[in-house]
Every structure is written in C-alpha cells, then in structure tokens.
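Accompanying notes for the structure given below.
By convention in this document, chain letters (A, B, ...) are assigned in the order of the sequence lines, proteins followed by strands, and residues within each chain are numbered from 1. This is a predicted model, so every value here is computed, not measured.
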Protein chains: 2
Amino acid sequence: MNLLLKNIAKHVTLTEQEEERVLLLTELQTFKAKTILLKEGDICTQSYFVIKGILRSYTRDENAVEHVVNFACAEWWMADMYSYLSQRPGQLFIEVNEDAEVIVLTRENQEKLYSEVPKLERFFRILIENSLIANQRRLINNLTFTAEARYDLFTKKFHSILPYLPQKQIASYIGVTPEFFSRMKARLLKK
Amino acid sequence: MNLLLKNIAKHVTLTEQEEERVLLLTELQTFKAKTILLKEGDICTQSYFVIKGILRSYTRDENAVEHVVNFACAEWWMADMYSYLSQRPGQLFIEVNEDAEVIVLTRENQEKLYSEVPKLERFFRILIENSLIANQRRLINNLTFTAEARYDLFTKKFHSILPYLPQKQIASYIGVTPEFFSRMKARLLKK
DNA sequence: ATAATTTCATAATCTAGGTCAAGTGCTCTT
DNA sequence: AAGAGCACTTGACCTAGATTATGAAATTAT
C-alpha cells in the first residue's frame, strides 16, 4: 500500500499524521481484466493509482472505432482528467487490461486532502504539470514523426509492459491501423 | 493592465494588497512582429500573458520544417511549459506574430507570488489543468479526425484571429502541408 | 518605385498508410 | 473436444496527403 506514499515522498515530505490521512482517504481495490471502470458519458468521480496490473483509456469515434489514449502501469495515475476536474460527462472509457490492484481516490476525498494536507496541493500540481508536459511532447511527436519513429518512442516509454499489450492497442495508440502496424513490424524485423 | 487581474478574478478573489503584489511582480512590455522571444535550446525563464497582438510557438524537426504548436491572443498565456517548469533547455521557439503587448511574469517572480499570495497556487493550478484538458482534447482530435474536421475545429477555436494568420501556419498547426491546405480550402469553398 | 522575399495557388507525380477480404492460429467457453 | 470468437497476418487495391516544381500575387525592404 505504501507505494503511493513512496510516490508522494518523491515530491513533498509528509508527517506521519499526514500520511495517516492519505491512507484513510484512499482505498485499495482489485479488479479483473476487462472490467470497465468508466464509460463515455459518465462523470469521472475517482482517479486510480496503479499498484499492479495495467489500465487503459480510450475513446470511440463516430464509426465506433476505438482510439487508445493511454496506458497506466505500476506507479501511474489514470483518470479522464477533463471529466474528473470539471465534473462533467467525459468522452473516455477506462478499462482494466490486466488484472489490477489500484488505489482509488475519489474527487471528494481529494478535496478533503487539499484542505487537510495543503502540501498535497503542491504534489498534485506537480503531477498535472508533468502530465501536461508529457502530453505536449506527445502532440509534437505525432506532428513531427512517422509511424515507425512513434513506435520506437512507444517501446521506450512502455518497454516494461510491452509483452502484455495486444498489438492492435499499440497500433491504435500510435495512430495507425492494426493491419498497417502488422506490416510495419514485419518490415522492421527484416532489418 | 488590469486584464490580468480580471483574468485572475475569474478563478480566485484577491485583496487589494494582493493585487498590488501581482502588479509589482509583473511587467508590461511591447514587442514588434517577428521578434523571437524564445529559441530552441534556451531555458524559458518567463511566461507571457497576451494583452494585444498574437504570439506563436513552434518546433523545428530534423529537416528544419516548422511545426506550429500553438497561438496565443488576448487573455491567453504562452510559454514553453516543459522548459519553464523544469528550467531545462526546451525545444520550442516563441515568436511574435503580430505587434504585441504582453504582461511578462518571470519564473522567479512566480515563485515569489506563490509564497506571498498562496491563493495564486490555486489560480495557476487551474490554468495548468485547463491547459492539460485542452491538450488532451487536441491529441484525441488529431487521432480521430480528418484534416478537414481539424480545420473546422481550428476556425472555431481561433475565429477571432483567423484573418491575421498566414495559412501556412494554420496548415502546420492542423498537421498538413501548405499545398494540401490550399487545395483543401479551395475544395471547401466549392460546397 | 523597384527589387527581393514571402505567400498562395495549381498541377503532376508519388507514397505512407487505409480499406476490404480471406485465411491461420489462439484462447475461451461449454 | 468442438466450436465461437479474437488477434494477427498477408494480399490486392485505394486514397489522403506529401513532394516537387512553377508562376502569380502580395509584402517588405532598399
């Protein structure tokens, strides 16, 4: 359970009482693969800190084609940030890719934590900042790199979970069809 | 000058003394079109709140092709967030598109404001949150929409400054070549 | 004003990546 | 153990968008 506390400790130092509060206001839960934690149109009332397993977020376009937005493995957070922050219906699905153990933090409890442990304002601000930076970088990468280069970056970012990801999901994340991805991989192996 | 204060007031309420501090720690500056405020490799030590005119950020890829990352017009912030937050060399250029009047906030003064006016922690957190949301949405749009649909979204987001933007920059922002963009526009006019 | 530079349009050709379709092996039921 | 469904591959064909090139119009500098 203290993986979350360890993670917080990387950015701010809490007293034992403050750590106590964090433990009390979060909850460890386990989910089987294929469980859907959030659907399009839902309001995202909780965020997930992954201890074990893999989560995945995606949207469906007007042709019902799924587009993977992100994966989260151990020590990553997952939520539909738009919906979570605005408390309005979002467009993301969040699904369990591999049997998972996650720490659940409700929006409500996060607000409580903000007032009871103000240092956490700083912690979450840093999280959001990092998330923003990662997003901007990915946007730039999508604009400037070819599918092959994007795949290369992907393998670096997610190498620890690579063998667990179906390649149609990887294809979707980097923005190509599964057919093209399959061909591309075959081409890369020849080199 | 109080456009910034008005903007802050949308999210947090400051006392007169606090507003005083904000005014003292920021500075109004004017820049001619084509001025380069930040270059690739620089450390971004200040962020800009636009009062008048237009700023633009972009990267150059390995073939020296420019990719527009964003535009900022009145009441928008502009910075290389990666570099600004991490204080490490960034990859963005920031250039003045149209003669501009901007409020400059240095990283240093922002830190001062955080400690002198803690409410601003909240203000800037909200800014970053909104920025993250906008970015994620754009990423999803790029993955799910065609160039034509992306152009449509662009005109909605930037309609107020549309006539001032060279179309090669618009093309770059939505991720197509100027030639293709020109033909696409001609095609759209026929409808 | 005039030269120089930049922007925009149009056309011909090319290619990264998409679509549709068929077939092979998996895994998961039951 | 048999079938139903997925995930992946491969092939033939298609298209959105890139590239290269050329010239006209519009800005900018001299």
- Message: Return the CD1 to CZ distance between A:Ile170 and A:Phe158, rounded to the nearest 0.5 Å.
- Response: 10.0 Å
- Message: Nearest whole Å is fine: how far is D:dA16 C1' from B:Ile174 CD1?
- Response: 13 Å
- Separation between CG of A:Asn97 and OH of A:Tyr58, rounded to the nearest 0.5 Å: 9.5 Å
- Query: Should A:Leu4 and A:Leu55 be regarded as members of a common hydrophobic cluster, given that ILVMFWY residues are connected when their side-chain heavy atoms come within less than 4.5 Å of each other, either directly or indirectly?
  - Reply: no
- Query: Who passes salt bridge (Lys or Arg N to Asp or Glu O under 4.0 Å) against B:Lys10, sequence neighbours left out?
  - Reply: B:Glu75
- Task: Encode nucleotides 8-30 of chain C as B, S and - characters from 5' to 3', where the letter depends on protein heavy atoms closer than 4.0 Å: B to the base, S only to sugar-phosphate, - to neither.
- Result: SBB------BSBB----------
- Item | Check ion pair B:Glu66-B:Arg56 (N to O, under 4.0 angstrom) | yes
- Query: Taking the six-membered ring of A:Tyr114 as reference, does the NZ or CZ atom of B:Arg125 fall below 6.0 Å from its centre and within a 45° cone about the axis?
  - Reply: yes
- Which angle, rounded to 10°, do you find between the first-five-pair axis and the last-five-pair axis of the helix from C:dA1-D:dT30 to C:dT30-D:dA1? 50°
- Task: Return the value, rounded to whole Å, for the distance between atom CG of A:Leu143 and atom C1' of D:dG17.
- Result: 14 Å
- Partner of A:Tyr173 by side chain to side chain contact (heavy atoms under 4.5 Å, CB included), out of A:His67, A:Arg138, A:Lys168: A:Arg138
- Query: Does NZ or CZ of B:Arg60 come closer than 6.0 Å to the centre of the six-membered ring of B:Phe93, within 45° of the ring's axis?
  - Reply: yes
